[in-house]
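For reference, positions follow the sequence shown, starting with 1. Computed from a predicted model, the values in this text were never measured in an experiment.
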Amino acid sequence: MLSNRESARRSRRRKLEHVATLDAVINGHKGENVVLIDRLREVEQQLSAVVRENAGLKAEVDRLQGQLREAVATGKVPGMGERTSSLQRISSVGNLANKDSPQIGGDDSPRGFVPFRSLQSYENLLSLQAQTR
């Protein structure tokens, strides 16, 4: 009987140790759960801030696209007016031989001949001529 009582006592002690170990694990999980819930709240706040910023950026894109459509429709696209008029000056057939056209020296050169490698060079010459007048 003594060995039976001793065995029961050891069994109860192991059971209490096991319950204490399980309680420690539960408390650890509860603490981890609190930390994870706090982190989740932070991430949700960041998400809502990003969603608001994204909505603002989409609204700005829509506004800018509307302005661009309006500018294209009215022909007031910034930077496009000068390039178009320069191209029109170059490609206009009758205007290349007039007195305002750049000329290379000598009477043997054909009137209206402009030996430029790029449109930018021609535009630069035209602007210099306009400044000297």
Side-chain angles (χ1 to χ4, degrees):
M1 274 223 207
L2 190 56
S3 67
N4 195 15
R5 286 182 191 172
E6 191 64 32
S7 178
R9 191 177 307 133
R10 283 193 308 260
S11 178
R12 285 191 298 272
R13 189 182 72 236
R14 281 194 309 265
K15 184 176 180 182
L16 288 176
E17 288 173 0
H18 183 65
V19 168
T21 304
L22 291 177
D23 282 340
V25 170
I26 289 171
N27 290 334
H29 288 313
K30 283 181 180 179
E32 184 180 356
N33 195 22
V34 168
V35 170
L36 291 174
I37 288 172
D38 290 343
R39 179 70 180 130
L40 176 64
R41 287 187 183 131
E42 290 174 13
V43 170
E44 285 174 340
Q45 289 174 351
Q46 291 173 353
L47 173 66
S48 64
V50 168
V51 167
R52 282 191 305 272
E53 181 183 6
N54 192 28
L57 290 173
K58 283 181 179 181
E60 185 177 0
V61 165
D62 290 342
R63 180 184 60 80
L64 291 173
Q65 284 176 339
Q67 286 179 349
L68 180 60
R69 278 192 293 275
E70 181 180 329
V72 168
T74 60
K76 296 180 181 178
V77 178
M80 293 298 286
E82 286 185 24
R83 174 78 63 206
T84 304
S85 64
S86 297
L87 289 173
Q88 289 171 346
R89 279 195 308 262
I90 291 171
S91 66
S92 61
V93 175
N95 292 339
L96 285 178
N98 67 20
K99 64 182 174 103
D100 293 336
S101 295
Q103 299 290 318
I104 55 174
D107 290 334
D108 58 344
S109 24
R111 294 193 52 79
F113 175 72
V114 183
F116 294 108
R117 294 180 186 236
S118 71
L119 175 62
Q120 186 65 43
S121 298
Y122 183 71
E123 289 174 334
N124 290 341
L125 179 64
L126 290 176
S127 68
L128 286 173
Q129 284 180 343
Q131 290 174 1
T132 58
R133 290 183 193 160

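Here salt bridge (charged side-chain N to carboxylate O under 4.0 Å, His left out) pairs that include residues 41-57, with residues two or more places apart or in two chains, are Asp38-Arg41, Arg39-Glu42.
Salt bridge annotation for Glu6-Arg9: present, with a cationic side-chain nitrogen under 4.0 angstrom from a carboxylate oxygen.
Here CD1 of Ile26 is found 12.5 Å from CG of Asn33. Values are rounded to the nearest 0.5 Å. Between the CG atom in Leu64 and the CZ atom in Arg69 there is a gap of 10.5 Å [rounded to 0.5 Å].
Under the 3.5 Å distance criterion, the side-chain polar atoms of Thr21 are matched with a main-chain donor or acceptor of Glu17. Panel note: side chain Asn54, backbone Val50; no donor-acceptor pair is recorded below 3.5 Å.
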